[in-house]
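First comes the structure, then the notes that go with it.
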Amino acid sequence: MTDMIAVAYRDETTANEVLAELRTLNTEHSLHLADAVLVTRDEEGKVKIHSEHHAVVSGAVGGAFWGGLIGLLFLQPLLGAAIGAATGGVTAAVTEDDDENTAFITKLGHRLHPGSAAVIALVIDATEEKVLPRIAPFGGDLLHTSLTLAEEQRLRSAINPHLAETGEATA
């Protein structure tokens, strides 16, 4: 099951450091990320979503590969690759423009204080005892999660022990 976790940070630099640490944990196989994005809110209140994942490009490349392979079977690899690339790119573009997800992320972004940022991660699986100690030093305020209450409390305690002890809500 994939869980969504959104954590706000005091500034974009800290959020970028957390994002880099999550990607390192993913490479080390302590965490399995489906995706992660950085959301910023500038001093004027404008929300921006930053993502390194380029769905249209990767969809086109993947489509070209599979189209070329299928085309090879029918002795037309270039035609198959061209059709596959077009299909993969269009499919990814439609997926990338998923208005519902973008609206939800933007709504979370409006909860940020001007000048701050958040990391929103889709986590497939994680080794909690390896991940929490690595992200705890960055602090943060939990904005949203689809975790169980027990998992959420452990995360909240790790990133913001003071608020977890007092039972105060985070923004």
Side-chain angles (χ1 to χ4, degrees), residues 1-59 62 91-92 94-171:
M1 182 173 143
T2 303
D3 288 303
M4 185 172 89
I5 301 168
V7 180
Y9 297 95
R10 65 186 173 278
D11 55 47
E12 187 175 344
T13 301
T14 304
N16 270 313
E17 290 171 356
V18 171
L19 193 55
E21 188 66 27
L22 290 176
R23 291 193 171 122
T24 299
L25 286 161
N26 190 54
T27 302
E28 295 171 358
H29 304 290
S30 297
L31 177 70
H32 185 183
L33 279 177
D35 199 5
V37 296
L38 177 73
V39 179
T40 57
R41 185 170 184 201
D42 65 21
E43 295 298 337
E44 290 78 39
K46 184 178 178 188
V47 173
K48 185 172 180 186
I49 301 169
H50 311 265
S51 177
E52 288 184 10
H53 179 73
H54 301 288
V56 174
V57 173
S58 62
T91 301
V94 170
T95 303
E96 186 175 55
D97 291 336
D98 186 0
D99 293 337
E100 192 173 308
N101 289 336
T102 301
F104 181 74
I105 292 171
T106 302
K107 184 177 174 183
L108 284 176
H110 282 292
R111 291 177 53 193
L112 297 171
H113 298 292
S116 64
V119 173
I120 301 175
L122 293 175
V123 179
I124 296 171
D125 190 28
T127 306
E128 190 175 309
E129 59 273 4
K130 290 183 179 182
V131 174
L132 290 182
R134 300 266 294 270
I135 62 166
F138 297 102
D141 291 314
L142 200 56
L143 288 177
H144 178 83
T145 176
S146 61
L147 299 169
T148 67
L149 289 176
E151 292 168 331
E152 181 177 327
Q153 186 56 37
R154 285 193 298 273
L155 176 60
R156 191 178 304 278
S157 295
I159 63 171
N160 202 332
H162 171 69
L163 291 179
E165 290 171 8
T166 62
E168 294 178 32
T170 57

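Residues: numbered from 1 along the sequence shown. Quick caveat, the model's predicted, so the values are computed rather than measured. Both backbone and side-chain heavy atoms feed into the values below; hydrogens, waters and symmetry mates do not.
Residues meeting the side-chain contact (heavy atoms from CB on, under 4.5 Å) test with Ala121, sequence neighbours left out: Leu22, Leu33, Ala36, Val123. Residues satisfying the side chain to side chain donor-acceptor pair (under 3.5 Å) criterion with Thr145, sequence neighbours excluded, are absent altogether. Partners of Thr148 according to the side chain to side chain donor-acceptor pair (under 3.5 Å) rule, which considers only residues two or more places apart in sequence or in another chain, are Glu151. Residues forming a side-chain contact (heavy atoms from CB on, under 4.5 Å) with Lys46 (at least two apart in sequence, or on another chain): Asp42.
Leu149 CG to Arg154 CZ: the interatomic distance, rounded to the nearest 0.5 Å, is 11.0 Å. Atoms CG and NE2, from Leu19 and His50 in turn, are 10.5 Å apart once rounded to the nearest 0.5 Å. Atom-to-atom distance recorded for Asp3:CG and Leu147:CG is 4.5 Å, nearest 0.5 angstrom. A distance of 9.5 Å separates OH in Tyr9 from CG in Leu143, rounded to the nearest 0.5 Å. Here CD1 of Ile135 is found 7.5 Å from CD1 of Ile5. Values are rounded to the nearest 0.5 Å. A distance of 7.0 Å separates CG of Asp141 from CD1 of Ile159, quoted to the nearest 0.5 Å.
Of the possible polar contacts, none joining the Ser30 side chain to the Val131 backbone as a donor-acceptor pair under 3.5 Å is found. The backbone N or O of Val47 sits nowhere less than 3.5 Å from a side-chain atom of Arg41 that would complete a donor-acceptor pair.
Residues Glu128 and Pro133 come closest through the heavy atom pair O-CD, 3.9 Å. The two residues Val39 and Gly109 make their nearest non-hydrogen contact at CG1-CA, 3.8 Å. Across every non-hydrogen atom of Ala117 and Ala15, the tightest pair is CB-CB, 3.7 Å. In terms of heavy atoms, Ala158 sits closest to Pro161 at O-CD, 4.1 Å. The shortest heavy-atom contact between Ser146 and Thr2 is OG-O, 4.3 Å.
Residue pairs meeting the ring-ring contact (aromatic ring centres under 6.0 Å, His included) criterion with at least one member in residues 10-41, sequence neighbours excluded, do not occur. Applying the salt bridge (charged side-chain N to carboxylate O under 4.0 Å, His left out) rule to pairs touching residues 10-22 yields Glu21-Arg134, sequence neighbours excluded.
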- After noting the C-alpha distance and the side-chain angles of Asn160 and Leu142, does the key distance pass the side chain to side chain contact (heavy atoms under 4.5 Å, CB included) rule? CA-CA 9 Å; Asn160 202 332; Leu142 200 56; over 6 Å; no
- Message: If you apply the rule side chain to side chain contact (heavy atoms under 4.5 Å, CB included), what do you find for Val37 with Ile120, and how did you get there?
- Response: CA-CA 5 Å; Val37 296; Ile120 301 175; 4.0 Å; yes
